**Student:** 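Below is one structure. I have some questions about it.
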Amino acid sequence: MPTTPATATHSSSDGTADAIMLELVDENGTTIGTAEKLAAHQAPGQLHRAFSVFLFDEQGRLLLQRRALGKYHSPGVWSNTCCGHPYPGEAPFAAAARRTYEELGISPSLLAAAGTVRYNHPDPASGLVEQEFNHLFVGMAQEALKPDPEEVEETAFVTAAELAERHARVPFSAWFMTVLDAARPAVRELTGPSAGW
C-alpha cells in the first residue's frame with residue numbers, strides 16, 4: 001500500500017511520530033475508545049467519529065473536490081468539499097476547519113453545524129468500510145483555493161442541476177449522497193430557495 005498523508009504518521013507536539021488515531025464511538029456518538037485509522041476502516045469497520053464539510057460560493061454553488069489519485073481510500077472520485085476525522089479529543093468543528101485549510105488552503109466563512117448522520121458504506125474497490133458517526137458542517141468558500149495536490153486532484157463549483165448531471169456520469173464517494181441528503185436542510189437555509197438545493 002502506498003504511503004500517503006492518510007496512511008503516514010504525523011508528528012506530535014513533542015516531535016515524535018504517532019500513528020493517526022480515530023475516536024471510536026457508540027451509536028449515540030459517545031466516545032468509547034480509539035483505533036488506528038486504517039484498522040478502523042478494515043472490514044467490517046469500527047464505528048468512529050468523522051466530519052463532512054459543504055462549502056458554497058456567493059452564487060449558491062457547491063464546492064466539490066476530486067480526491068487525489070494517491071489516497072488509500074476512494075482515490076480519484078468526486079466528493080463533498082472536505083471530509084475527514086477529528087483526532088481523539090479534537091472538536092469536530094475544529095477538525096473540519098483544520099482539514100479544509102490543510103486540503104484546500106482556505107478558511108471557511110460562516111461555518112455552522114448541520115447535524116449528524118450515521119452510516120455504513122463499504123467501498124468495493126478497496127474493501128474498506130466507512131462505519132461513521134458523521135458531523136456535518138455548511139459554510140462559505142470566499143477565498144481563492146490553494147489545493148494540496150497530495151489530497152485533492154481537482155475542484156469544481158457546481159449548481160444543484162450540474163451536480164445531478166455530474167453524479168450520473170462520473171464516480172463519487174460511497175458516502176457522498178448520504179451526507180449531502182442529511183445536510184440539505186442546513187444547505188437550503190444557507191443558500192436560500194433560489195439555489196435549488
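Quantities reported herein were computed from a predicted structural model and do not represent experimental measurements. FYI, side chains are in, hydrogens and waters are out, and symmetry mates aren't considered; it's all heavy atoms of this structure.
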**Student:** Got H48 and F133 here, is their nearest side-chain heavy-atom distance under 4.5 Å?
**Tutor:**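 No, side chains not in contact.
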
**Student:** Is the ring pair F176/F54 parallel, tilted or perpendicular, if the boundaries are 30 and 60 degrees?
**Tutor:** tilted

**Student:** Mind checking whether M177 and Y119 sit in one hydrophobic cluster, side chains of I, L, V, M, F, W, Y counted as touching below 4.5 Å?
**Tutor:** yes

**Student:** Should we say atom CD of E189 is surrounded by more than 12 heavy atoms from elsewhere, each under 6.0 Å from it?
**Tutor:**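 Counting other residues, nucleotides and ligands, CD of E189 stays at 12 neighbours or fewer.
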
**Student:** Please check if the number of heavy atoms outside Y101 that lie under 6.0 Å from its OH is greater than 12.
**Tutor:**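 It does not: Y101 OH has 12 such atoms or fewer within range.
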
**Student:** Ion pair present between E162 and R166, side-chain N to carboxylate O less than 4.0 angstrom?
**Tutor:**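 Looking at E162 and R166, the cut-off is not met.
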
**Student:** Decide yes or no for N134 and L136: does some side-chain heavy atom of the first lie under 4.5 Å from some side-chain heavy atom of the second?
**Tutor:**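 With C-beta onward as the side chain, the pair touches.
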
**Student:** Does H135 have its ring centroid less than 6.0 Å away from the ring centroid of F51?
**Tutor:** no

**Student:** Output yes when a side-chain donor or acceptor of T81 lies under 3.5 Å from a complementary backbone atom of L55, and no otherwise.
**Tutor:** yes

**Student:** What pairs with R66 under salt bridge (Lys or Arg N to Asp or Glu O under 4.0 Å), at least two apart in sequence or on another chain?
**Tutor:** E154

**Student:** Residues in salt bridge (Lys or Arg N to Asp or Glu O under 4.0 Å) with E27, at least two apart?
**Tutor:** R118

**Student:** The criterion is salt bridge (Lys or Arg N to Asp or Glu O under 4.0 Å); which residues satisfy it with D26, sequence neighbours excluded?
**Tutor:** none

**Student:** Where do W175 and S74 come nearest, in terms of heavy atoms and distance?
**Tutor:** CZ3-OG, 3.6 Å

**Student:** Under 3.5 Å, is there a donor-acceptor pair between the T31 and E23 side chains?
**Tutor:** yes

**Student:** Do E58 and M140 make a side-chain contact, defined as non-hydrogen atoms from C-beta onward lying under 4.5 Å apart?
**Tutor:**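 They are in side-chain contact.
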
**Student:** Between E103 and C83, what is the shortest heavy-atom contact and its length?
**Tutor:** OE2-O, 3.7 Å

**Student:** Between E132 (side chain only) and L47 (backbone N and O only), is there a donor and an acceptor less than 3.5 Å apart?
**Tutor:**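 No.
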
**Student:** With rounding to the nearest 0.5 angstrom, report the CG to CZ distance, D57 to R61.
**Tutor:**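 If we round to the nearest 0.5 Å, D57:CG and R61:CZ are 4.0 Å apart.
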
**Student:** Taking side-chain contact (heavy atoms from CB on, under 4.5 Å) as the test, write out the residues that go with T191, two or more places apart.
**Tutor:** F56, V187, A195, W197

**Student:** Filter on ring pair (Phe, Tyr, Trp, His ring centres under 6.0 Å), then keep only pairs touching residues 143-165, sequence neighbours left out; what's left?
**Tutor:** none

**Student:** Answer yes when E153 and R67 have at least one side-chain N-carboxylate O distance shorter than 4.0 Å, and no when they do not.
**Tutor:**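 A salt bridge is absent here (no side-chain N lies under 4.0 Å from a carboxylate O).
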
**Student:** Show the nearest heavy-atom pair for residues A160 and G196, with the distance to one decimal.
**Tutor:**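 So the minimum-distance heavy-atom pair works out to CB-O, 3.5 Å.
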
**Student:** Check whether any side-chain N or O of E36 sits under 3.5 Å from a backbone N or O of L38 as a donor-acceptor pair, and report yes or no.
**Tutor:** yes

**Student:** Quick one: CG on L64 to CG on N80, what's the gap to the nearest 0.5 Å?
**Tutor:** 8.0 Å

**Student:** Taking all non-hydrogen atoms of both residues, which atom of A68 and which atom of P149 are closest, and how far apart?
**Tutor:**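 Where A68 meets P149 most closely, the heavy atoms are CB-O, 3.7 Å.
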
**Student:** Within this structure, what is the CD-OG1 distance for the pair Q59 and T159, rounded to the nearest 0.5 Å?
**Tutor:** 11.5 Å

**Student:** Can you give me the closest heavy-atom contact between G139 and L190, atom names plus distance?
**Tutor:**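 Closest approach of G139 to L190: O-CD2, 3.4 Å.
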
**Student:** Using the test salt bridge (Lys or Arg N to Asp or Glu O under 4.0 Å), find all partners of E90 that sit at least two apart in sequence or belong to another chain.
**Tutor:**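 E90: salt bridge (Lys or Arg N to Asp or Glu O under 4.0 Å) contacts with R98.
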
